[in-house]
Every structure is written in C-alpha cells, then in structure tokens.
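Quick notes on the structure that follows.
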Amino acid sequence: MFKLIHYNLMTSSLSFLIHNLPGLLAALFYAFVSGSMSFMNKVILTSYHYDYPDVIMLFQVVLTAIVVDLCRMTNICKIPPWTFQRSREFFFPSLCFALHTTLALAALSGLSIPIYNVLRRMLPLATLLTAHFVLKKTPSYGIITSVLIIVIGTVLAGLGDLKFHFSSYCNGLLSVVAQATYLTYVQKTGVEDNTSALSVLHINSINCIPMMLIYTTINGKLLESFSFSGFKNENDRTSFIVAFVANISMGCVLNYSLFLCATLNSALTTSLIGVIKGVLTTLVGFLTFGGQPITFMVVTGVTLNAIGGVLYTAVKYFEKRKQSSNVHTTHDHQAA
C-alpha cells in the first residue's frame, strides 16, 4: 500500500516537472541573463560614465531587429514578416517596453544595485493590478500575501537608503509600471493569438526603432553620444567598445529571454523571477560599484523581499501541483 502511494507521488511529481519544464527553464534563463545585465549596465553607465541610456536602448532594438530578421529570411526561424497591421496591434506594449527600458537604465545610473533591485521588486504589485484589469484574473490569498511582504520590504529599504535620489526613484517606479503593463499584454498576446516569443520580440524591436530614434534625436543625446570621450581616449577606447558591444548584444538576449518567459509563464511569474536573481545581485551589489551603506532598515527591507519571493515561489508551486492533480483526476474519471 505504502509502495503504491510512494509510486503515485513519484509519478505525479515527475509528470508535473516534465509538463512545466519549458517554463522553468525559460524562467531560469531569464533570471541569469537579467541578473548579469544589471552589472553590465552599471559598468557602462558608471565605470565608463556613458550617460546615454536611451541611446543604448536604440542600439539594442536595432541590433535585435536585424538579427531576428536575418534569421527569418534565412529560414533559421519561422516567424511571420512584419506588417503594419501587426505593428499597430502591438504598438501600446512596444511603447511601454521603450519607456520601461529607458527609465530603468536612467534609474540604475543614480541608484546602487541593491536599492535598484529592491525597487524592481515593486513589479509584482503592479503586475497583479494590471493582470486583474487586463486579464480579469484574481490571485489567491497566498499570492497577495507574498506580494505585500515584498512591497513592505521595498518601502523599508527605500526609507533606509542614505543615498536617496528622488529622480532615480521616480524613474525606477515608473519603469516598473511600464514593465508590468507590457508583460501583461505579452502574456495576453501569447495566450490568445498563440504568438511565439521570437515573433513578439521581432515586432516589438521594429516598433521601438522609430520611437527611440525620434526621442534621441529630439533630446540631442544621439548626436551627443558620438562625441563621447571614451571613443577618443586611446587607453580606454578598446575596452569601452568591447563593453558597449557586449552590453548591446546581451540586451538582445535579455529581451528574448523576457518575452520567452512571459509567453511560457504568467506575467506575475516573470516579474517574480526578478526576486530570485535579485537576492544574489543585491548581496554582490553591497560590495561593488561603490557599495551601499548597510543600515537596519535596508537589511530588513532586503530580507523581507527575499522572504516574499520564497513564499511566492512555494505558493505558485503548490497551486500548479493542485491544478495538475485536478486535470489528471478529471481525465481518470472520463476514462472510467
């Protein structure tokens, strides 16, 4: 009897793991790339003092569009070509994406990595709200509780930040709202229209090019970036160019991993992945790029952030297990 129960539990767990493996791998891939990008962006913005986040964003979407289109034309990947109709349907999420990336880079230039990560963890709250209004989904009490713990931790860490930059905090919070909006719309598009992550990335990149080109031209940052001192200094030129190209290339990979995670998982899960990678980058960030003054409020806030992330992961796991068990039970009854 006990052997039979043990066998059924093992079979159920294995089936659950296999069924959710693509989403899990996509989430881990996004967490790794996203965590790496926080430090790569910090290197470009602070170590080299390349204060042109919107220009970085422009180069990222241009490179992404070129690479994906070349893959499409050479049949490496099968996605539909860009059309004006598809572009128009995805215009609003693309606008939110452009706003998020630009504001996030601007916030990172004025914040330490630990505080930047803490601010980013307001994303689950924003995602809960947008998912409720756009997808008409109401989360469980466990999910709401975990998100509230994360939000409380964020507020405490912000109150304990001795290097408070009001504009950077505003940019960070606005970027969170913009990201929550486009993540929810990406999930909606993937579920309703069965659109692949690569196809979404293709449309989004092409949509963002004119937006960012017009914006960087009007504010003068595009022309100003061409006279950046890093290009003229022979000692730093090579290392800067290598770091710049690596940053843009990694940005393309990040965008793909994000859309892949959002199409295979929920928008809320994608936003909570930031909590997992945020714990590690926060700990490293306390010791790098000038560090972050360690105060009781900051430590308490970061700890609550981590607890909320672990709680969310546990609740989400058991909810999926329950859904999977219900599906198997239904099939068994139908078969009988």
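This one's a predicted model, so the numbers in the text were calculated from it and none came from an experiment. Along the sequence shown, the residues carry numbers beginning at 1.
Put simply, the residue from Ser249, Cys208, Ser205 that forms a side-chain contact (heavy atoms from CB on, under 4.5 Å) with Thr64 is Ser205.
Within 6.0 Å of the OH atom in Tyr48, the count of heavy atoms belonging to other residues, nucleotides or ligands exceeds 12.
A continuous path of hydrophobic side-chain contacts links Val61 to Leu63 [ILVMFWY only; heavy atoms under 4.5 Å]. Using a 4.5 Å cut-off between side-chain heavy atoms of Ile, Leu, Val, Met, Phe, Trp and Tyr, with links allowed through other members, Ile209 and Ile218 fall into different hydrophobic clusters. No chain of hydrophobic side-chain contacts below 4.5 Å, direct or via other Ile, Leu, Val, Met, Phe, Trp or Tyr residues, connects Ile144 to Ile152. Hydrophobic clustering (side-chain heavy atoms under 4.5 Å, transitive across Ile, Leu, Val, Met, Phe, Trp, Tyr) groups Leu201 together with Ile248. The cluster map of Ile, Leu, Val, Met, Phe, Trp and Tyr, joined by side-chain heavy atoms under 4.5 Å apart, puts Leu58 and Met40 in the same cluster.
Listed here is the closest heavy atom pair of Leu70 and Thr74: O-OG1, 2.7 Å. The two residues Pro93 and Asn204 make their nearest non-hydrogen contact at O-OD1, 4.3 Å.
A donor-acceptor pair shorter than 3.5 Å cannot be found between the side chains of Thr216 and Asp54. Neither side chain, Thr83 nor Arg88, offers a donor N or O lying under 3.5 Å from an acceptor on the other. At a cut-off of 3.5 Å, with distance as the only test, a side-chain donor of Asn207 or Ser87 sits close to an acceptor on the other residue.
Contact of the Ser140 side chain with the Ile143 side chain is registered, since non-hydrogen atoms from C-beta on lie closer than 4.5 Å. Residues Ile79 and Val68 are in side-chain contact: their nearest non-hydrogen atoms beyond the backbone lie under 4.5 Å apart. At least one side-chain heavy atom of Phe97 sits under 4.5 Å from a side-chain heavy atom of Met57. Side-chain contact between Val176 and Gln179: absent, with no pair of heavy atoms (C-beta onward) separated by less than 4.5 Å. Within the 4.5 Å cutoff, the side chain of Met211 has heavy atoms near those of the Ser94 side chain. Contact annotation: the side chain of Arg86 approaches that of Ser199 to within less than 4.5 Å [non-hydrogen atoms, C-beta and beyond]. Contact annotation: the side chain of Ile56 never approaches that of Tyr52 to less than 4.5 Å [non-hydrogen atoms, C-beta and beyond]. Between Asn247 and Gln60, the closest side-chain pair of non-hydrogen atoms falls below 4.5 Å.
The main-chain N or O of Leu99 is never found under 3.5 Å from a side-chain atom of Thr102 such that the two would form a donor-acceptor pair. With His100 contributing its side chain and Ala178 its backbone, the two residues share no donor-acceptor pair below 3.5 Å. In this structure, Thr101 contributes its side chain and Ala98 its backbone to no donor-acceptor pair below 3.5 Å.
By the 30° and 60° cut-offs, the orientation of the rings of Tyr50 relative to Phe240 is tilted.
Here the straight-line distance linking atom CG of Leu304 with atom CG of Leu148 works out to 12.0 Å at 0.5 Å rounding. The CZ atom of Phe228 lies 9.5 Å from the CZ atom of Phe244; values are rounded to the nearest 0.5 Å. Considering CG of Asp51 and NZ of Lys221, their distance stands at 6.0 Å, rounded to 0.5 Å.
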